[in-house]
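Here the structure comes first, spelled out in structure tokens, and everything after it is commentary.
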Amino acid sequence: MSFVLICIVGIAGIGASLFWRHPAAAVELTTGTFLAPSREVPDFSLIDQHGRVFGSANLRGRWSLLFFGYTNCPDFCPTTLTTLAAMQKSLRATGAELPQVIFVSVDAKRDTPAQMAKYVPYFDPEFIGLTATDQPSIEAVARKLGVAVIIQPATDDNYTVDHSGAIFVISPSGRLTAILTGPFSAAALQSDFRRIVGARGILAGRE
């Protein structure tokens with residue numbers, strides 16, 4: 001990843017945190033910010049890797065970790081997905097509660113459901129990949145969450161897409177509970193996820 005892209009990803013992550021302004025955190029996290037009170041996730045409707053509609057209602061019933069990226073991303077996206085897969089493997093080994101990991105494409109043109117179906121399971125067969133039939137639909141969802149998406153001009157299909165590197169933690173009630181901005185490691189993510197889940201009582205009182 002180039003220095004410029006690292007800066008953009010970092011700034012975009014900070015931007016997401018500022019977009020969801022919050023009072024002092026009730027839970028200290030290593031990799032990001034706990035939101036107290038939690039925030040309602042805006043309604044959205046996308047398509048998963050099997051061509052099925054996936055919307056806000058699909059976030060209810062279990063914890064979710066939502067991350068924006070694209071399958072042609074050279075390093076940041078696959079690195080983050082690999083780290084999330086390692087976190088899931090560690091959680092499974094302990095019998096702990098597992099979040100659903102959701103990878104949202106910011107590149108609707110190239111990331112068709114078929115492409116997502118080939119890419120996402122490589123990291124973990126339970127990961128969910130989301131895309132849309134057109135780029136404006138993707139960017140509309142991204143804007144609702146304060147995520148920056150910038151397509152770099154190119155003369156062919158080898159363009160790059162600058163995007164936020166934040167991971168959004170969504171509670172079983174479908175509310176945004178934390179924004180993780182890194183740096184990410186499997187151990188740090190697992191520790192922070194456990195802290196967030198452990199604060200369920202705080203969430204219930206403030207949601």
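Just so it is clear, the model here is predicted, and its values are computed rather than measured. Just so you know, residue 1 is the first one in the sequence shown, and it goes up from there. Atom set for the values below is all heavy atoms of this structure, side chains included, hydrogens, waters and symmetry mates excluded.
With a 4.5 Å cut-off on side-chain heavy atoms, Thr94 and Arg194 count as touching. When side chains are defined from C-beta on, Phe103 counts as touching Met116, because their heavy atoms get closer than 4.5 Å. Looking only at side-chain heavy atoms (C-beta outward), Leu29 and Ile196 come within less than 4.5 Å of each other.
The side chain to side chain contact (heavy atoms under 4.5 Å, CB included) with Gln100 is formed by just one residue from the set Ile170, Leu66, Ile128; it is Ile128.
Within the 3.5 Å criterion, the main-chain N or O of Thr79 finds a donor-acceptor partner in the side chain of Thr83. In this structure, the side chain of Arg39 engages the main chain of Pro37 through a donor-acceptor pair within 3.5 Å. Between the Thr177 side chain and the Arg175 main chain, a donor and an acceptor come within less than 3.5 Å of each other. A side-chain donor-acceptor contact under 3.5 Å links His163 to the backbone of Phe68. Between the side chain of Lys109 and the main chain of Asp134, no donor-acceptor pair closer than 3.5 Å is present.
Ala86 approaches Ala186 most closely through the heavy-atom pair CB-CB, 3.7 Å.
For Tyr159, the OH atom counts as densely surrounded, since its 6.0 Å shell holds more than 12 non-hydrogen atoms of other residues, nucleotides or ligands.
Thr112 meets the side-chain contact (heavy atoms from CB on, under 4.5 Å) test with Ala114, Gln115; sequence neighbours excluded. Not counting sequence neighbours, the partners of Gln88 by the side-chain contact (heavy atoms from CB on, under 4.5 Å) test are Leu91, Arg92, Leu98, Pro99, Val101, Asp124, Phe127.
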